[in-house]
Amino acid sequence: MERYYSYSRFLKEYFGDKIYKICLDGGFTCPNRDGTLSTEGCIFCSQGGSGDFAESSALSITDQILRGRKQTSEKYQGHRYLAYFQAFTNTYAPLSRLRQLYEEAIRQECICGIIIGTRPDCLPDPVLQYMGDLQEREGKPVFVELGLQTCHDSTALFLNRGYKTEVFADAVTRCHEHGLRVTAHTIAGLPGETREMQFQTIEYLNRLPVSGIKISMLNLLKNTPLASWYQEHPFPILTMEEYVDLVIGYLERLRPDIVIERITGDGSRTLLIEPKWILHKHKVLNTIRKEMKRRNTRQGIKYV
């Protein structure tokens, strides 16, 4: 019995087969780094703009895809992939540049769709119109991933997120109007947030046309403002047991149709300071599943 709507299940339902991602770097930056909003970025974000597992931006999109296929060939025998524009803000460029990058990716025979990770304050209407038109024209989906992290503006200010929560809601609604599927990123264990505050973020997402969620434990990474702040102001970091319990609380309150695209992260071994337990991804996943079975609970059981 599957106790939550897993990403693997969604991909098989949507594409009829197992699909792998190839993480790409389109050479973007971010308004929270180039001085438009700030030069610091979100305080938890790595120097690679959360694209530490992406291919090199020195390569063309075509070459990045070829390299990604080669790297996954030992564990994946299929021939279809999602091209994931992951690093930094992947709509933060002139529309002509976006056209060039997206179309080079989506027109590769092995690519069955593209995923665009971006900020909700970097989605002007012409870009959304183009993205909607692109998936209709090519007959391949364009999925959008948006960083929310928390629905609480007070926490977002501490994180230097750079936009108010209402901007996220507006972006999700406009994506939905253009037929674009949206996944929201959230972070568990943010400093200063109570358990109830974190559940409020889940309840907030339930009210929006969000199709997927990525849940991450807060990573303390080297060379980030958060790591520097932690040295001066240490705060409690969740144990694996506390994280498992919190995530199960998330899932119980989450709308049953929302796909769980990530329920933990494995982090970058070279950058991670704390918590070390997230490096054991399979152990965390198995513990969540076993504990949900023991409690006889499931996604949406407390959704109202």
Side-chain angles (χ1 to χ4, degrees), residues 1-26 50-51 53-55 59-87 90 101-118 131-146 175-176 178-185 209-216 251 254-266 281-286 288-289 292-293 298-300:
M1 173 185 176
E2 188 178 64
R3 296 184 180 271
Y4 59 85
Y5 192 177
S6 68
Y7 192 43
S8 60
R9 173 184 152 197
F10 165 76
L11 291 176
K12 287 180 181 179
E13 289 175 350
Y14 194 100
F15 295 104
D17 201 358
K18 186 174 183 178
I19 303 293
Y20 260 53
K21 290 181 186 176
I22 297 175
C23 297
L24 306 176
D25 188 335
S50 297
F53 298 105
E55 300 294 336
L59 300 173
S60 70
I61 294 300
T62 299
D63 287 341
Q64 289 186 51
I65 290 171
L66 288 172
R67 185 169 176 177
R69 291 187 68 184
K70 187 177 295 184
Q71 290 180 344
T72 62
S73 60
E74 290 186 3
K75 57 183 178 181
Y76 176 55
Q77 305 305 313
H79 303 284
R80 294 199 295 166
Y81 298 81
L82 287 166
Y84 182 17
F85 287 90
Q86 182 183 29
N90 292 276
L101 294 170
Y102 299 168
E103 293 182 24
E104 183 177 354
I106 206 168
R107 289 176 178 169
Q108 300 288 323
E109 186 176 354
C110 66
I111 298 299
C112 58
I114 62 174
I115 306 169
I116 299 167
T118 189
M131 290 160 66
D133 291 345
L134 177 65
Q135 71 173 358
E136 184 174 350
R137 183 173 72 246
E138 297 296 329
K140 299 177 180 180
V142 176
F143 299 144
V144 179
E145 294 191 2
L146 299 177
C175 283
H176 184 69
H178 287 278
L180 301 168
R181 182 182 181 278
V182 177
T183 296
H185 287 234
V210 167
S211 299
I213 186 173
K214 286 189 170 182
I215 304 168
S216 293
L251 296 177
L254 192 67
R255 212 173 65 226
D257 64 287
I258 295 179
V259 180
I260 314 303
E261 298 191 22
R262 182 175 63 207
I263 204 168
T264 184
D266 43 12
K281 182 176 181 179
H282 292 296
K283 180 180 180 180
V284 179
L285 288 171
N286 288 335
I288 291 171
R289 290 168 183 152
M292 291 187 78
K293 182 179 180 180
R298 64 183 187 277
Q299 180 178 342

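Fair warning: this is a prediction, and the values are worked out from it, not measured in the lab.
When the side chain to side chain donor-acceptor pair (under 3.5 Å) test is applied to Arg9, the partners found at least two apart in sequence or on another chain are Glu2, Glu13. In this view, Thr62 and Glu104, Gln108 satisfy the side chain to side chain donor-acceptor pair (under 3.5 Å) rule, not counting sequence neighbours. Glu103 pairs by the side chain to side chain contact (heavy atoms under 4.5 Å, CB included) definition with Arg99, Arg107, Tyr130, Leu134, Arg137, not counting sequence neighbours. Applying the ring-ring contact (aromatic ring centres under 6.0 Å, His included) rule to Tyr7 yields no partners; only residues at least two apart in sequence or on another chain are considered. Shown here are the salt bridge (Lys or Arg N to Asp or Glu O under 4.0 Å) partners of Arg3, two or more places apart in sequence or in another chain: there are none. Take Ala184 and apply the side chain to side chain contact (heavy atoms under 4.5 Å, CB included) test, not counting sequence neighbours, and it matches Phe168, Leu205, Val210. With sequence neighbours left out, the side chain to side chain donor-acceptor pair (under 3.5 Å) criterion links Asp63 to Ser60. Residues passing the side chain to side chain contact (heavy atoms under 4.5 Å, CB included) test with Arg67 are Glu55, Leu59, Gln71, sequence neighbours excluded. Partners of Thr183 under the side chain to side chain donor-acceptor pair (under 3.5 Å) rule, at least two apart in sequence or in another chain, are Arg181, Glu261. Considering only residues two or more places apart in sequence or on other chains, Lys140 meets the salt bridge (Lys or Arg N to Asp or Glu O under 4.0 Å) condition with none of them. Scored by the side chain to side chain contact (heavy atoms under 4.5 Å, CB included) test, His185 finds Tyr84, Glu145, Gln149, Lys214, Arg262 as partners (sequence neighbours excluded).
Note on ring orientation: taking the six-membered ring where Trp is involved, the planes of Tyr76 and Tyr20 are parallel (angle under 30°, cut-offs 30° and 60°).
At a threshold of 4.5 Å between non-hydrogen side-chain atoms, the residues Phe85 and Ile61 count as touching. With contacts defined as side-chain heavy-atom distances shorter than 4.5 Å, the pair Met1/Lys293 does not qualify. Looking at heavy atoms from C-beta onward, Val142 lies in side-chain contact with Ile116 at the 4.5 angstrom threshold. Inter-residue side-chain proximity for Tyr14 and Pro141 is flagged as met; some heavy-atom pair is nearer than 4.5 Å. In this structure the side chain of Leu101 never reaches within 4.5 angstrom of the side chain of Leu24, judged on heavy atoms. Using a 4.5 Å heavy-atom threshold, the side chains of Leu254 and Ile260 count as touching. Looking only at side-chain heavy atoms (C-beta outward), Leu82 and Leu11 come within less than 4.5 Å of each other. Looking at Ile22 and Gln64, their side chains never come closer than 4.5 Å, going by heavy atoms from C-beta outward.
In this structure, Ser216 OG and Ile263 CD1 are separated by 11.0 Å, a value rounded to the nearest 0.5 Å. Within the model, atoms CE of Met292 and CZ of Arg298 stand 9.5 Å from one another, a figure rounded to the nearest 0.5 Å. Distance check: Tyr5 OH to Ile258 CD1 gives 11.5 Å after rounding to the nearest 0.5 Å. To the nearest 0.5 Å, the span separating CG on Asn90 from OG1 on Thr118 amounts to 6.5 Å. A distance of 9.5 Å separates CD in Gln86 from CD1 in Ile115, rounded to the nearest 0.5 Å.
Scanning all heavy atoms of the two residues, the minimum distance from Ser6 to Val259 falls at O-CG1, 3.8 Å. Counting all heavy atoms, side chain and backbone alike, Ile65 lies closest to Cys110 at CG2-SG, 3.8 Å. Closest of all the heavy-atom pairs between Pro256 and Gln299 is O-NE2, 3.5 Å. Taking all atoms of both residues into account, the shortest heavy-atom contact from Cys175 to Val182 is CB-CG2, 3.4 Å.
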With side-chain contact (heavy atoms from CB on, under 4.5 Å) as the test, would you mind laying out the steps for Thr264 and Ile215 before giving the verdict?
CA-CA 6 Å; Thr264 184; Ile215 304 168; over 6 Å; no
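Listed by first and then second residue, the salt bridge (charged side-chain N to carboxylate O under 4.0 Å, His left out) pairs that reach into residues 109-118 come to none, sequence neighbours excluded.
More than 12 heavy atoms of other residues, nucleotides or ligands sit less than 6.0 Å from atom CZ of Arg80.
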